[in-house]
Amino acid sequence: MMEPQEIKKLIEGGLPDCHATVQGDGRHFQAVIVSPAFEGAAPLARHRLVYGVLEQHIHSDELHALSMRTLTPEQWEREQG
């Protein structure tokens with residue numbers, strides 16, 4: 001079973017200049033991920049980047065479900081404004 005902080009560290013360590021917020025109950029997690037790596041990428045491509053970082057944990061079923069919002073820094077700024 002994984003903790004939200006573990007997932008946050010993995011995502012932030014695997015994507016350049018990334019900031020992630022992760023919540024969950026040990027099996028099902030929700031994340032908001034902001035990274036310039038998402039610039040110009042479609043939502044599916046963005047999710048694939050994140051899943052690539054977490055792949056071994058997903059395949060081992062240590063991480064069962066992750067819903068996510070993937071935003072560029074510009075998109076994040078607009079939402080906060």
Side-chain angles (χ1 to χ4, degrees):
M1 195 158 63
M2 295 188 79
E3 294 296 322
Q5 281 302 108
E6 279 182 89
I7 298 167
K8 174 184 170 67
K9 283 176 69 174
L10 288 168
I11 293 169
E12 290 180 345
L15 293 173
D17 300 318
C18 175
H19 174 73
T21 306
V22 181
Q23 299 176 337
D25 63 7
R27 290 285 286 163
H28 301 90
F29 297 92
Q30 304 81 41
V32 176
I33 306 160
V34 181
S35 175
F38 300 145
E39 295 283 348
L44 184 57
R46 293 175 181 195
H47 287 204
R48 284 185 179 142
L49 283 172
V50 177
Y51 285 133
V53 170
L54 301 172
E55 185 174 17
Q56 74 183 37
H57 301 282
I58 293 168
H59 286 299
S60 70
D61 202 34
E62 190 176 8
L63 174 55
H64 178 68
L66 175 68
S67 64
M68 64 182 107
R69 293 190 59 228
T70 52
L71 304 165
T72 66
E74 183 180 306
Q75 290 170 322
W76 175 253
E77 287 296 321
R78 277 198 308 261
E79 283 194 9
Q80 302 311 304

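Predicted model only: the values in this text are computed from it and were never measured.
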Can you list everything that forms a salt bridge (charged side-chain N to carboxylate O under 4.0 Å, His left out) with Asp61? Sequence neighbours excluded, please.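 Per chain and number, Asp61 pairs via salt bridge (charged side-chain N to carboxylate O under 4.0 Å, His left out) with Arg27.
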
Scan for salt bridge (Lys or Arg N to Asp or Glu O under 4.0 Å) pairs involving residues 10-21, sequence neighbours excluded, and state none if there are none.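 Residue pairs with at least one partner in residues 10-21: Lys8-Glu12.
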
Can you tell me which residue pairs pass the salt bridge (Lys or Arg N to Asp or Glu O under 4.0 Å) test with a partner in residues 33-48, sequence neighbours excluded?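 Checked against salt bridge (Lys or Arg N to Asp or Glu O under 4.0 Å) - neighbours excluded - no pair reaches residues 33-48.
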
With a cutoff of under 4.5 Å between side-chain heavy atoms, which Ile, Leu, Val, Met, Phe, Trp and Tyr residues group with Tyr51?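 So far as hydrophobic clustering goes, Tyr51 is joined with Met2, Ile7, Leu10, Ile11, Leu15, Val22, Phe29, Ile33, Phe38, Leu49, Val50, Val53, Leu54, Ile58, Leu63, Leu66, Met68.
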
Test of understanding: with side chain to side chain donor-acceptor pair (under 3.5 Å), list the residues that count as partners of [X], not counting sequence neighbours.
{"X": "Glu74", "result": "Arg78"}
{"X": "Glu62", "result": "His57"}
{"X": "Arg69", "result": "Glu79"}

For residues 6-26, pull every pair meeting ring pair (Phe, Tyr, Trp, His ring centres under 6.0 Å), keeping only residues two or more places apart or in separate chains.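 Listed by first then second residue: nothing to list.
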
With sequence neighbours excluded, residues passing side chain to side chain contact (heavy atoms under 4.5 Å, CB included) with [X]:
{"X": "Pro43", "answer": "none"}
{"X": "Gln30", "answer": "Gln23, Ser67"}
{"X": "Ala45", "answer": "Ala41"}

Determine the minimum heavy-atom distance between Pro16 and Pro36, stating which atoms define it.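 What the structure gives for the nearest pair is O-CD, 3.7 Å.
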
